[in-house]
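The structure appears below as structure tokens.
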Amino acid sequence: MEFDTTNLQAGYYQLKVTPYLGYLIPGYYRIRKAKGIIEDLYLRATAFSDGEKKAIVFSCDCTGIDTNAADDVRQLIAERCGISEDAVYLHATHSHTSFRVEKPDEDGTPCDTYCKWLYMQFADCAEFAFRDLKPCKLLRATGEVDNVGFSRIYRMKDGSCETNPGIGNPEAVAFLGEQDTSLQLIRIVRENAKEILFVNFGTHADVITTSTFSPDWPGYLANLLVKAFDGQVEAMTLVGCQGNSNHVNVFNTADTLQRTDPYARRMARILAGEVLKIYDSAQELESSGLSYCRIPVKVGRNPWTPEQEPIAKEIYDLYCTDEYHDQTHPIFKKYPITVPEACRIIRSMNLPEFTIVTVSALRLGGMHFVGIPGEPFCSIGMDLKAGCDKPVIVTCLTNGSDGYFPDAEAFKEKGYERESSIMAHNVGQLLTEAGIEAVKKLNS
């Protein structure tokens with residue numbers, strides 16, 4: 001393969017970022033402190049340059065990157081590497097057995113020390129990736145993977161809907177919402193250097209629920225691909241829209257492994273198998289030109305009633321104590337609203353009427369990336385891709401972590417995602433429109 005040195009160049013680097021034991025593992029509205037390590041967590045970065053502009057894409061084995069922390073890290077990388085802050089694309093794989101990237105509290109605690117160190121790891125990883133730049137070509141292939149991700153919202157016999165009602169629940173009668181079964185592979189073939197693989201698939205990385213560090217299926221997939229190609233490639237997983245999707249099929253009562261580490265590895269093998277299947281069919285894309293932009297989206301609030309406020313305050317005050325800091329505690333069953341809904345109401349009461357959700361976009365030759373700073377439902381990503389006449393990879397939890405972004409249909413129902421989201425019912429439409437606008441802007 002011949003390379004044009006005036007086209008794109010790409011470089012890669014990765015760093016291990018596993019925190020210390022005892023570090024808080026976020027999620028599930030309960031306290032989990034790390035008691036062990038199943039497999040280490042990594043920060044992976046691919047840098048790009050077209051000779052005039054530079055950009056960098058990260059995939060971090062973490063639950064999320066807080067928006068204020070993302071702003072700090074993008075600024076730090078921009079200053080260190082001499083690039084625009086808008087050209088920094090920070091993606092979290094959303095492993096539920098990892099950590100959050102948070103803004104340091106300046107309190108001198110071990111957590112504060114780790115957060116400061118993590119900031120510098122992002123900057124170091126970026127610098128080393130840019131030092132590794134080599135002329136490259138881009139190739140793309142697409143595939144389909146069934147029975148790895150499923151809608152996690154179900155219609156119940158009484159007409160209600162419920163998120164994760166439990167395997168074998170006799171009241172569950174049907175899936176609600178769509179699962180995006182598409183898989184995209186981007187091959188970044190470099191001159192006299194290892195090839196870099198980007199794999200895009202969307203479902204939650206919450207297979208493993210223990211208090212042990214693990215990158216879950218996204219990290220296992222990246223590691224497995226490196227092994228499958230005898231160490232001759234690097235690999236990054238870019239998780240797609242997954243707000244209403246996970247790996248659990250409540251109708252599959254025969255599979256007893258659905259909440260275990262072996263199941264996460266099984267998912268990685270299935271996805272890796274599809275990558276290997278489509279690898280040689282990848283078609284070459286335009287490999288010249290680089291552009292980026294960020295589109296701010298003004299979104300209103302998910303409403304609540306004045307009557308709910310004192311109830312939410314009572315629930316929140318209980319939940320904030322050590323004794324009741326677990327949403328499954330029996331004491332919360334007597335209330336008409338859930339712990340997530342109460343936390344959302346309390347949080348929203350202290351926020352302005354509107355919030356700005358910023359969509360990030362990047363064009364690398366003929367490939368386009370749209371990053372959403374939260375957890376959008378699958379249909380949002382599917383509509384966004386369908387609305388563009390260019391190849392697009394959509395990623396969740398990119399340059400921020402602003403919670404769930406349900407689609408309009410979900411706001412007509414009860415359910416965890418709608419109840420916990422601070423966003424108004426039209427957030428899905430607004431994000432879709434902004435993503436399509438961003439792709440057009442990248443090509444203007």
Side-chain angles (χ1 to χ4, degrees), residues 27 63-64 91-94 96 144-146 148-156 160-165 172 174-184 200-206 218 238-250 295 297 299-302 338 340-341 344 355 357-360 369-388 392-436 438:
T63 308
H91 168 65
T93 63
H94 200 49
H96 279 51
E144 294 287 332
V145 184
D146 292 317
V148 167
F150 304 87
S151 172
R152 67 181 193 175
I153 305 175
Y154 292 80
R155 178 69 70 200
M156 311 303 284
S160 66
C161 72
E162 189 172 336
T163 301
N164 292 329
F175 293 107
L176 278 182
E178 295 181 272
Q179 166 65 42
D180 188 348
T181 60
S182 67
L183 178 146
Q184 293 194 72
N200 176 236
F201 184 81
T203 194
H204 256 80
D206 67 341
L238 302 174
V239 180
C241 296
Q242 41 64 287
N244 60 328
S245 167
N246 69 8
H247 65 287
V248 177
N249 178 356
V250 304
I295 304 290
V297 181
V299 184
R301 290 275 169 256
N302 188 354
T338 64
E341 189 168 12
R344 184 260 298 174
T355 190
V357 177
T358 303
V359 172
S360 303
F369 299 80
V370 174
I372 297 175
E375 301 183 62
F377 275 31
C378 293
S379 61
I380 296 172
M382 295 166 75
D383 289 346
L384 200 163
K385 288 184 286 187
C388 297
V392 179
I393 280 178
V394 184
T395 62
C396 68
L397 291 160
T398 302
N399 288 340
S401 182
D402 293 333
Y404 283 98
F405 302 131
D407 57 24
E409 289 301 311
F411 275 100
K412 299 176 183 178
E413 307 273 2
K414 294 283 286 183
Y416 164 68
E417 295 82 4
R418 185 200 71 93
E419 292 170 3
S420 62
S421 174
I422 67 171
M423 305 297 171
H425 72 280
N426 62 340
V427 63
Q429 177 185 346
L430 294 174
L431 291 174
T432 300
E433 291 171 351
I436 295 170

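These numbers come from the heavy atoms of this one structure, side chains and all, not from hydrogens, waters or symmetry mates. Residues: numbered from 1 along the sequence shown.
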Report task. Answer with yes or no after comparing the ring centroid distance for Tyr154 and Phe175 against a 6.0 Å cut-off, counting only values under it. Result -> yes
Query raised in the report: With Thr432, which residues qualify under side chain to side chain contact (heavy atoms under 4.5 Å, CB included), at least two apart?
Result: Ile380, Asp383, Leu384, Ile436
**Report entry** For Thr93, all residues meeting side-chain hydrogen bond (donor to acceptor under 3.5 Å, both in side chains), sequence neighbours excluded
**Finding:** none
**Report entry** Set of residues satisfying side-chain hydrogen bond (donor to acceptor under 3.5 Å, both in side chains) with respect to Thr355, sequence neighbours excluded
**Finding:** none
Report task. Under the side-chain hydrogen bond (donor to acceptor under 3.5 Å, both in side chains) rule, collect the residues that match up with Glu433, sequence neighbours excluded. Result -> Gln429
Query raised in the report: Listed by chain and number, what are the side chain to side chain contact (heavy atoms under 4.5 Å, CB included) partners of His425, not counting sequence neighbours?
Result: Phe411
Query raised in the report: Who passes salt bridge (charged side-chain N to carboxylate O under 4.0 Å, His left out) against Arg418, sequence neighbours left out?
Result: none
Report summary line: The side chain to side chain contact (heavy atoms under 4.5 Å, CB included) partners of Thr395 (sequence neighbours excluded) come to Tyr89, His91, Asn200, Leu238, Ile393, Thr398
Report summary line: Across all chains, not counting sequence neighbours, the salt bridge (charged side-chain N to carboxylate O under 4.0 Å, His left out) partners of Glu419 are Lys414
**Report entry** Set of salt bridge (charged side-chain N to carboxylate O under 4.0 Å, His left out) partners for Arg301, sequence neighbours left out
**Finding:** none
Requested in this report: Kindly indicate whether the side chain of Val357, heavy atoms from C-beta on, has any atom under 4.5 Å from the side chain of Pro373.
Outcome: yes
Report summary line: ring-ring contact (aromatic ring centres under 6.0 Å, His included) filter on His204, not counting sequence neighbours, yields His94, His96
Requested in this report: Tell me, please, which residues at least two apart from Tyr404 pass ring-ring contact (aromatic ring centres under 6.0 Å, His included).
Outcome: Tyr416
Report task. State which residues pass side chain to side chain contact (heavy atoms under 4.5 Å, CB included) with Glu409; sequence neighbours excluded, sorted by chain then number. Result -> Asp407, Lys412
